[in-house]
Amino acid sequence: MVRYSDIDMHHHVNNTIYIEWILDSYPFEMNQTHQIHTFEINFLAESSYGDEISVHTEPVENFPLPFSTVSFEK
């Protein structure tokens, strides 16, 4: 659930929060063995205070880091 501390002055989730949610979905051990140099985020909609958030992370064949999606319900 989007918390008060997740939102910016426009009452939307701050962009850095999405990154935190994605990184928190990775196994802790991955931080010890992998290093993220770049990533790409496509913002398709704004989420706001109280929205239910889901982060889905799954492995990608022949790629060292998983693929993550963040979705929400109002």
Side-chain angles (χ1 to χ4, degrees):
M1 179 172 287
V2 176
R3 303 169 302 176
Y4 175 74
S5 60
D6 296 333
I7 60 173
D8 60 21
M9 64 182 173
H10 302 290
H11 303 282
H12 302 123
V13 172
N14 185 294
N15 293 348
T16 60
I17 299 300
Y18 292 100
I19 298 166
E20 290 177 9
W21 291 337
I22 291 168
L23 293 177
D24 286 345
S25 74
Y26 291 0
F28 178 77
E29 296 75 24
M30 188 173 290
N31 184 41
Q32 305 300 313
T33 58
H34 294 80
Q35 195 172 34
I36 299 172
H37 296 279
T38 63
F39 57 88
E40 180 179 324
I41 298 179
N42 294 319
F43 294 98
L44 304 178
E46 299 167 335
S47 52
S48 304
Y49 177 75
D51 290 349
E52 287 289 333
I53 300 294
S54 297
V55 178
H56 302 281
T57 299
E58 54 191 70
V60 177
E61 192 172 328
N62 298 321
F63 195 71
L65 295 174
F67 177 78
S68 299
T69 59
V70 178
S71 58
F72 65 91
E73 290 186 25
K74 294 212 171 266

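The shown structure was predicted, so the numbers you read here are calculated from the model rather than taken from an experiment. Every heavy atom of this structure was used, including side-chain atoms; hydrogens, water molecules and symmetry mates were not.
Both Tyr26 and Val60 are assigned to one and the same hydrophobic cluster, defined by single-linkage of ILVMFWY side chains at heavy-atom distances under 4.5 Å.
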Residues 40-53 side chain polar contacts: donor-acceptor under 3.5 Å, at least two apart:
| unit_1 | atom_1 | unit_2 | atom_2 | d |
| --- | --- | --- | --- | --- |
| Glu46 | OE1 | His12 | NE2 | 3.0 |
| Ser47 | OG | Tyr18 | OH | 2.6 |
| Asp51 | OD2 | Ser48 | N | 2.7 |
| Asp51 | OD2 | Lys74 | NZ | 3.2 |

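We find the CH2-OG distance between Trp21 and Ser68 to be 13.0 Å, quoted to the nearest 0.5 Å. In this structure, CG in Asp8 is found 7.5 Å from CG in Asn15, a value given to the nearest 0.5 Å. The distance from the NE2 atom of His37 to the NE2 atom of His34 is 10.5 Å, given to the nearest 0.5 Å. Taken to the nearest 0.5 Å, the OG1 atom of Thr16 stands 9.0 Å off from the CG atom of Asp6.
Residues Leu23 and Glu20 are not in side-chain contact: their nearest non-hydrogen atoms beyond the backbone lie 4.5 Å or more apart.
With sequence neighbours excluded, no residue forms a side-chain hydrogen bond (donor to acceptor under 3.5 Å, both in side chains) with Ser5.
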